[in-house]
Amino acid sequence: MNRYGKIGYFNIFLLVFIIASLDGGRVYALQNRPNILWISHEDLSPIYGCYGDSLARTPNIDQLAKSSIKFNQAFSNAPICAPARSTLITGMYAISLGSQHLRSETPVPESMKILPEVLREAGYYTSNNVKTDYNFSHQGRWDESSNTAHWRNRPEGKPFFSVFNYMITHEGPTNALRDSDTESLSEYTDPEQVILPPYLPDSPKMRKIWAHMYDLLAVFDQEVAALLAQLEEDGLLDETIVFVFSDHGHGLPGHKRWLNNAGLQIPFILHVPEKYKHLVNHIQGTETEMKVGFVDFAPTVISLAGAEVPELMEGKSFLGKNPEEKPYVFGYRDRADDCYEVSRSVYDGRYLYVRHFMPQLPYFQNALIFNKGGSYEEINRLRDLGLLPEPARRMYEAKEVELLYDLANDPLEQTNLINEPEFNGLIRQLSNALDEWMVRHRDTGLITEGIMMQEARDKNSSIYEVARSYSWEKYQGILEVAKMAGKVSDLESLQPYFEASDPSQRFWALIALDAYEEDITALMPELKKLMEDEVPAVAIKAAEIMAKRGDDPYAFTVLERMLKLTDEVQVLQAAISVRQLGEKAAPLMSVIQDEVFPKYAGDIWGRYKSWSYPMFIGMALDQTQINCGIAIDTHK
C-alpha cells in the first residue's frame with residue numbers, strides 16, 4: 001500500500017468532490033440569476049398608452065405592461081441628460097459627485113465602482129449601446145460599450161446586464177420635424193387632436209411639434225418590440241428582467257431643464273418573469289405608487305443580481321431583498337450648457353417643493369440654447385408679437401424663490417401655494433428635509449463649479465472627497481448664505497459675508513446682491529475689493545455686477561483677464577458673466593473676437609473645439625457678440 005493509505009485516498013476524493021461541487025454550484029448560481037435589460041430613451045414624460053394617454057400609439061409597450069409593473073411615481077433626479085445619467089449609473093446623487101452640470105469632466109473617487117463594474121465582479125457580462133454621457137470617463141467600466149454592444153456577444157452561460165438607449169425621442173428630432181425620422185410609421189398623430197399644456201402657446205407649429213413627439217414615441221415602441229423579439233429568439237424572455245424608461249421629461253420648454261414635475265417624472269415599466277416574481281412580491285398587482293428615483297436604480301439592479309451594494313452608493317434598492325421606499329425624492333438642476341442655475345426640489349408623494357438659489361435668472365435665459373429652432377424659436381417669435389399666454393411669459397421673468405405644488409389637484413403646476421398660511425407647517429417640513437439632505441450629501445452646488453473644480457485640482461483629489469473635507473457646520477454656514485438670494489431686505493445683512501474666510505460664502509453673498517433689485521451703491525467699495533479676490537469665481541461675479549450696475553471700466557479689465565485664463569472652467573464662468581451683460585459687453589468685443597474665441601473654435605457644429613467646456617464657452621461668446629449687434633452664423 002502506498003504512503004497515503006485508504007483514508008488519504010478518501011480525503012483526496014472528498015476534496016476534489018467538494019471543489020467540483022462548489023464550482024458547479026457557482027455556475028448554477030450564475031445561470032439562475034436573472035438577466036437584466038434596460039431599454040431607455042430620451043426626453044419623454046409618462047405618455048405611453050398604458051399611462052392613459054389616448055394619443056399614444058405604444059401597442060408593444062402596452063402589451064408588455066399588462067404582465068409587468070407600471071410605476072406611477074418614478075423620477076429622474078435631474079431634468080437634463082448628463083446629471084440624470086450620472087445619477088443612474090453610479091447610484092449616487094450627482095450633487096455628491098460634482099457631476100451635476102451639463103457637461104463637465106468630473107474627477108471622481110478612485111474607489112468608486114459604477115453599476116456595470118459591480119455586476120462584472122459578480123459574474124455578469126455588461127454591455128452598453130451606446131450613450132454614456134456620465135460627466136466622467138466610462139473607459140474600462142463596461143465589458144463592451146459601443147454601437148454594436150449586445151448581450152449576444154457574451155461568453156456562453158454568463159448572465160448579462162445590457163443597456164440599449166434610443167435617441168429617436170430626443171429634443172433634437174422632436175424639434176427638427178424630419179419626415180425621415182418617422183418613415184417606418186403608417187399612421188401619424190393629428191396636430192388638431194393634441195392638448196398643449198398652458199405654458200406652451202397654442203399655435204399650428206407648436207401643435208405640429210407636439211404631435212411629432214408622439215410619432216417619435218411610436219417609433220421607439222417599434223424598437224422595444226424588436227428587442228423583445230430578440231430576447232424571445234434567444235429563449236431568454238423568461239430569464240430576463242426588463243426595465244423600460246425615459247431619462248427625464250419631454251424635450252420641450254417647461255419640461256427638460258425645468259426643475260418641476262414636468263421635467264422630472266418619467267414613465268417606467270418593469271417586467272419580471274414568473275421565475276423571478278419572488279423578487280417583487282412586496283408589490284401587488286400591475287401598478288404601484290412606490291416612489292423611486294434614478295439614484296435607486298443601480299442598487300436595485302445589484303440587489304436583483306444577488307451582489308453586494310457598495311457603501312459609496314447613496315440610493316436604496318426598491319426590489320429584491322429588503323426593499324426600501326424612501327419618504328422623499330430629491331431633484332437638482334445646475335449649469336446646463338452655458339446657463340448657470342442652482343435649484344433643488346423635494347417631493348413627498350403629493351407635494352413638490354422647489355427652491356431656486358439664483359432666482360434672478362429666468363428659465364428662458366438670453367442664450368443660444370434658448371434661441372435655437374423648433375419650439376424655442378416659435379415661443380420667441382410669439383413673444384415678439386405679444387401673443388404668449390401668461391404661463392409662457394413667466395418663463396422670461398425672474399423666478400420665485402420658493403414653490404409648492406399640490407400635484408394631486410394641480411398636476412400642471414400652475415398654482416404656487418408657498419404663501420398660503422395653511423401650508424406653513426408642510427413648507428417648513430419639506431424645507432428642513434431639503435436642507436438636511438443638501439448638507440448630509442455635501443451638495444457641491446453650494447461650493448459652485450469654479451471653486452469645487454479648482455479645489456479638486458489643487459488637492460489632486462475628487463470633488464466628492466473635497467466636499468467631504470468640509471465639516472457639517474461649514475456646509476450649513478454656506479447654505480445659510482445661499483438661501484439669502486431673493487430674500488435680502490437690507491444690504492447690511494450681506495456685509496459680513498463679503499469678508500468671510502470661505503470663498504463660497506463670498507460668492508453666495510454676491511449672488512444675493514445680484515438678486516437685490518434696489519440700489520446697491522453702498523456696497524460698491526466691497527465690490528471693488530472683491531474684483532481682486534484670489535478666487536476667480538468670486539472676482540468674476542463681482543466684476544459682472546460692477547459692469548452691469550456700477551458702470552466701472554475696471555470691471556471689464558477684470559473680465560478680460562478672466563477670459564484669458566487657461567482654466568476652462570473659470571473661463572466658462574467669465575464667458576457666462578460677459579453674456580449676461582447684454583450690449584454692455586461691447587468693450588470686450590475685440591479681445592473676444594481676436595484672442596479668446598479662436599482658442600475654443602473648431603469643427604463641432606462648425607464652430608467649437610469640443611463637446612465640453614470649449615463648446616459652452618464658445619456658445620456664451622457667440623451670444624455675447626449677437627447681443628452687441630454682430631451677426632453670427634450659429635446654425636452651420
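For the pair Arg154 and Asp143, the salt-bridge criterion is not met [side-chain N within less than 4.0 Å of a carboxylate O].
For Tyr376 and Phe370, the ring centers sit closer than 6.0 Å to each other. Ring-centre distance between His248 and Phe75: not below the 6.0 Å cut-off. Checked against the 6.0 Å centroid threshold, Tyr363 and Trp258 count as a close aromatic pair. Between Phe71 and Phe245, a ring centre-to-centre spacing not shorter than 6.0 Å is recorded. For Tyr125 and Phe161, the distance between ring centers is not under 6.0 angstrom.
Partners of Thr169 by side chain to side chain donor-acceptor pair (under 3.5 Å), not counting sequence neighbours, listed by chain and number: His41. With sequence neighbours excluded, no residue satisfies ring-ring contact (aromatic ring centres under 6.0 Å, His included) with His212. The ring-ring contact (aromatic ring centres under 6.0 Å, His included) check on Tyr134 picks up Phe136, with sequence neighbours excluded. Under the ring-ring contact (aromatic ring centres under 6.0 Å, His included) criterion, His101 pairs with no residue, sequence neighbours left out. Partners of Thr106 by side chain to side chain donor-acceptor pair (under 3.5 Å), not counting sequence neighbours, listed by chain and number: Ser104.
Side-chain atoms of Arg335 come within 3.5 Å of backbone N or O of Arg103 as a donor-acceptor pair. Formation of a donor-acceptor pair under 3.5 Å by the Gln414 side chain with backbone atoms of Pro198 is not found in this model. In this structure a side-chain-to-backbone donor-acceptor pair under 3.5 Å is missing from Asp622 to Met619. Proximity of a side-chain donor or acceptor of Ser96 to a complementary backbone N or O of His441 within less than 3.5 Å is detected.
Between His255 and His250, the ring planes lie tilted relative to each other; the angle falls in the 30° to 60° range.
Among residues at least two apart or in separate chains, salt bridge (charged side-chain N to carboxylate O under 4.0 Å, His left out) pairs with a member in residues 190-204 are Asp202-Arg207.
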